[in-house]
There are 2 protein chains.
Amino acid sequence: MEAAAAPKPRSAPRTGAAALATELRIALMRATRRLRAEKADTDLSDGQLSVIALLEREGPKTPREIAAYERVQPPSMTRTLTALLDLGLVTRTEHPDDRRQVLIAVTGSGAATVRETRRRRDAWLTRRLAALTPEERDVLARATQILRRIADS
Amino acid sequence: MEAAAAPKPRSAPRTGAAALATELRIALMRATRRLRAEKADTDLSDGQLSVIALLEREGPKTPREIAAYERVQPPSMTRTLTALLDLGLVTRTEHPDDRRQVLIAVTGSGAATVRETRRRRDAWLTRRLAALTPEERDVLARATQILRRIADS
DNA sequence: TATTGTTATACTCTATAACTATA
DNA sequence: TATAGTTATAGAGTATAACAATA
């Protein structure tokens with residue numbers, strides 16, 4: 001970090017929750033972004049990876065369900081699923097009850113990619129954590145529990 | 001579900017840094033996902049807001065410095081800066097020593113936008129943080145600094 | 001008529017390569 | 001030659017609107 005002098009020394013800075021929210025949000029976004037860069041040796045995008053991870057975790061779903069979970073519109077999911085189908089990472093079968101719908105399921109190859117990516121991300125983060133002091137790791141461990149509660153609220 | 005078991009020497013499977021890595025990774029991803037869902041209504045993109053927030057925080061910088069900080073390529077930053085210039089949120093002046101370079105600085109309007117957008121955009125997280133104890137907020141504040149270092153490594 | 005999924009089309013963000021102007 | 005910034009161009013991801021098939 002270079003020594004860049006702030007133009008306006010904040011005399012009475014925002015304190016408490018509001019100030020922390022900004023800093024924490026940026027840190028979370030940035031750390032997650034860096035973590036996402038660690039993935040299996042594939043050309044899969046975040047969205048594609050997220051989809052097969054969801055299917056590997058929860059089983060087959062319809063495109064609309066997947067789109068809702070991923071918070072994108074159905075046409076966007078169509079595009080993502082087409083790419084995954086071409087890569088052989090998911091399959092597309094008729095819905096047994098409703099012929100308008102289709103069921104998307106992860107393949108063995110897709111599931112393997114998911115597991116490999118998890119392994120790499122854990123490995124990357126483990127290396128970083130190992131370089132910290134025990135006190136710092138303790139801070140992160142406690143922060144983990146707090147973040148979990150916040151995310152579930 | 002367990003983390004992907006690596007065939008590597010993981011003699012101490014779920015202790016110390018490795019165990020924390022898995023839990024922290026999940027917590028980070030989940031919290032970030034939840035945070036993105038609460039994205040406030042602003043005309044500025046994530047990248048644009050991040051740039052003026054950086055300039056408001058650390059003072060004028062060259063496009064290349066900003067690009068490096070934001071981890072994008074210079075042409076991408078040119079586009080972002082052009083948009084911010086058109087919006088009157090930043091200024092563009094000659095570098096005093098090197099005429100190849102330019103200095104980008106946030107305007108009063110830009111700084112006001114940063115503060116206002118922070119307030120609205122962080123509302124969700126601020127409410128969650130306000131519900132924590134001071135000790136818990138302190139943990140998150142310290143975790144923020146650690147996460148920043150990790151993300152930059 | 002309503003719903004599921006897709007296609008058509010456009011916009012945003014990012015990237016690489018090439019160009020200019022300075023050093 | 002090397003560096004800073006920009007322009008030209010392309011690719012990926014997302015969105016809305018319109019369409020086909022089915023309920």
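The sequence lines fix the lettering, A, B, ..., with proteins before strands; numbering per chain opens at 1.
The nearest whole Å value for the distance from the NZ atom in Lys61(A) to the P atom in dT4(C) is 15 Å. Atom pair Leu81(B):CG and dG5(D):P shows a separation of 10 Å (rounding to whole Å applied). Note: CG (Leu103(A)) to P (dG5(C)) measures 9 Å, nearest angstrom. Atom pair Gln73(A):CD and dA15(D):P shows a separation of 5 Å (rounding to whole Å applied). Rounded to whole angstrom, the span from the CZ atom of Arg79(A) across to the C1' atom of dA12(D) amounts to 6 Å. In this structure, Asp86(B) places its CG atom 13 Å from P of dT12(C), rounding to the nearest Å. What separates CG of Leu44(A) from C1' of dG13(D) is a distance of 14 Å, to the nearest Å. Taking atom CZ on Arg71(A) and atom P on dA15(D), their separation rounds to 12 Å, with Å as the unit.
Contact between the side-chain N/O atoms of Ser76(B) and the OP1/OP2 oxygens of dT14(C) is not found at any separation under 4.0 Å. Between Thr62(B) and dA4(D) there is no side-chain N or O to OP1 or OP2 distance below 4.0 Å.
Of the listed nucleotides (dT14(D), dT16(C), dT6(D)), dT6(D) has the atom at the smallest distance from the side chain of Pro74(B).
Residues Thr32(B) and Thr32(A) come closest through the heavy atom pair OG1-OG1, 2.8 Å. Considering all non-hydrogen atoms of both residues, Ala143(A) and Leu140(B) come closest at CB-CD2, 3.8 Å. Closest heavy-atom contact between Arg137(B) and Leu129(B): NH1-O, 3.0 Å.
In this structure, Pro63(A) reaches the sugar-phosphate backbone alone: every heavy-atom distance under 4.0 Å involves primed, P, OP1 or OP2 atoms, never a base.
Place Ser45(A) and Pro75(A) on DNA chain D by their nearest nucleotides, and Ser45(A) ends up nearer the 5' end.
Classification of Arg119(A) and Glu38(A) as a salt-bridged pair fails, no side-chain N sitting under 4.0 Å from a carboxylate O.
Residues of residues 92-101 of chain A having a heavy atom closer than 4.0 Å to DNA chain D, listed by number: Asp98(A), Arg99(A), Arg100(A).
Not counting sequence neighbours, Glu94(B) has no partner by the salt bridge (Lys or Arg N to Asp or Glu O under 4.0 Å) test.
With Val114(B) as the partner, the side-chain contact (heavy atoms from CB on, under 4.5 Å) test is satisfied by one option alone out of Val51(B), Ile52(B), Leu44(B): Ile52(B).
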Distance-only donor-acceptor pairs under 3.5 Å for side chains of residues 62-69 of chain A, two or more places apart:
| from | atom 1 | to | atom 2 | distance (Å) |
| --- | --- | --- | --- | --- |
| Thr62(A) | OG1 | Glu65(A) | N | 3.2 |
| Glu65(A) | OE1 | Thr62(A) | N | 2.9 |
| Tyr69(A) | OH | Arg57(A) | NH2 | 3.3 |

